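To keep things clear, I will list the structure first and then write my remarks on it.
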Amino acid sequence: MKGLDFVWEEVKVELDKDSYDILIGPGVLTNVGEDLKNKFPASSYFIISDSNVSDILGEDLLNILKSEGLNTYLLSFPAGEASKNMDTVVSLARDMVKKGADRKSLVLALGGGVTGDIAAFLASIYMRGIRCIQLPTSLLAQVDSSVGGKTGVDIPEGKNLLGTFFQPKRVYCDIGTLASLPRDEFINGMAEVVKYGMIMSRELFEILEGNYPEILNLEPELICKIVTQSCSIKADVVSKDEKEGGLRRILNFGHTVGHAIEAASDYTISHGCAVSIGMVVVSRLAIIKGMFSEDEFIRLKNLLDNLGLPTKVPANSDTKTLIELLYHDKKTIAGKINFVLCPEIGRCFVTDKIDVKEVEEAIDSCR
Ligand code: GLY
């Protein structure tokens, strides 16, 4: 498929009748109108985005779709994780009803991870489920949250505690949108890209190691390559284990400890930064278990440092609090924590045979 200057990359998520394509490249959004009209006819299209994205990209997308003659509405909600709740979902649903949304309408989730989670959750329950297409605009959403069908909102008791598995019909990743993001947000997303290299692809890890200055300069061909490789890895894992019965857990490399670090900081540490520290801690844990080499550990730390990601457990998160939070994570089953460990860069396995003392030692040695 042709974009403006380049051929768009295509990655398929194979899920029988729920299979879908991820299209990646620059200029994808400006060319989306015709594709939607031909491939996803709908009675109406509802672009859902937050207050930041709505003013810039939302209005543009609305005009693009209207110029194709598509009956399109733009709905927005206040930007930020605080909006990721049932009140936002109900308020958007009520707006959709007022504007005549029916079972043949289509939701277009335009934005970062919060928008994708809210909009897809809404689509999954609106009139018992209407189609949803993801248009992720942040790196984190492009390489992770828009792919794989996890949707959800938070409740005071915890993040993502209400949600569904609901696959999008298509994902359009316009890498051109990354340039409009705050730099910290881009760096945040790079933690997930490093994760894919660590768990499944030494080749991807080495591309990052060898090209981080160009990546940080958003060199389009390289960005396209790393987004495509990340999406391919995620697509492959999700195709084999859609509902996280087993294999999909490997996508949580660095996340178990990362979630505890995020929570201990009262969410002042971003997800990507917390995952970066989490990857360092579990890699230290793998060394303690005699399963990972010091040389590869140093390569991981250097790469994260070079990308501007943190690698030390924050001084104000004490080990006892982190351990308590780890054992309260929603993924902790019967007091057993599943850790994803890498025996080398590019390979991983899941184990719950870890003693809490070893986790404490790993956390303490990453300060
Ligand atoms: N972000 C992890 C997953 O989608 O399973």
Side-chain angles (χ1 to χ4, degrees), residues 11-15 18-20 22 81 84 109 111-121 123-124 132 134 136 138-154 158-168 171 173 185 188-201 204 226-227 229-263 267 269-279 282 309 326 329-333 337-342 348-350:
V11 172
K12 195 167 196 75
V13 184
E14 301 278 2
L15 287 166
D18 289 329
S19 298
Y20 56 97
I22 308 167
E81 181 82 25
K84 209 174 126 175
V114 169
T115 301
D117 284 3
I118 294 175
F121 181 55
S124 75
C132 177
Q134 292 277 356
S138 70
L139 183 62
L140 192 126
Q142 294 188 350
V143 300
D144 184 16
S145 56
S146 68
V147 176
K150 282 189 181 174
T151 84
V153 293
D154 306 335
K159 288 178 62 148
N160 295 320
L161 288 183
L162 300 179
T164 52
F165 280 101
F166 188 70
Q167 299 298 335
V171 181
C173 291
E185 232 191 280
N188 201 20
M190 282 306 298
E192 298 289 349
V193 181
V194 173
K195 173 192 84 177
Y196 291 119
M198 284 297 293
I199 61 171
M200 289 276 265
S201 171
L204 174 57
I226 65 173
V227 171
Q229 291 203 7
S230 299
C231 287
S232 300
I233 294 170
K234 179 135 189 195
D236 187 41
V237 171
V238 168
S239 297
K240 290 180 179 137
D241 177 24
E242 183 187 3
K243 304 266 166 80
E244 201 168 315
L247 178 73
R248 189 164 175 169
R249 291 186 194 141
I250 68 172
L251 300 176
N252 293 323
F253 176 63
H255 284 56
T256 316
V257 174
H259 287 150
I261 290 172
E262 267 183 288
Y267 297 95
I269 294 184
S270 69
H271 179 71
C273 290
V275 167
S276 173
I277 301 165
M279 290 192 287
V282 288
L309 284 159
L326 272 168
D329 192 274
K330 74 174 184 298
K331 289 187 174 137
T332 306
I333 299 167
I337 302 179
N338 280 308
F339 282 96
V340 184
L341 300 184
C342 295
C348 68
F349 64 95
V350 182

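Just so it is clear, the values below take in all heavy atoms, side chains as well, and ignore hydrogens, waters and symmetry mates. Quick caveat, the model's predicted, so the values are computed rather than measured. Whatever order the structure lists them in is the order used to number ligands and atoms, beginning at 1.
Side-chain polar atoms of E192 and H255 form a donor-acceptor pair below 3.5 angstrom. Side-chain contact of Y267 with E81: a donor-acceptor pair under 3.5 Å is absent, judged by distance alone.
For K195, no nitrogen or oxygen atom sits less than 3.5 Å from a nitrogen or oxygen atom of ligand 1, counting backbone and side chain alike.
Listed for the N338 side chain is no donor-acceptor partner under 3.5 Å among the backbone atoms of V350. At least one donor-acceptor pair under 3.5 Å links the side chain of D154 to the backbone N or O of N160.
Of all the atoms in ligand 1, the ones that sit under 4.0 Å from a non-hydrogen atom of D144 are 1 (N), 2 (C), 4 (O).
Ranked by closest heavy atom to atom 4 (O) of ligand 1, the top entry among R249, K234, K150 is K234.
The closest approach between H255 and ligand 1 stays at or above 4.0 Å for every heavy atom of the residue.
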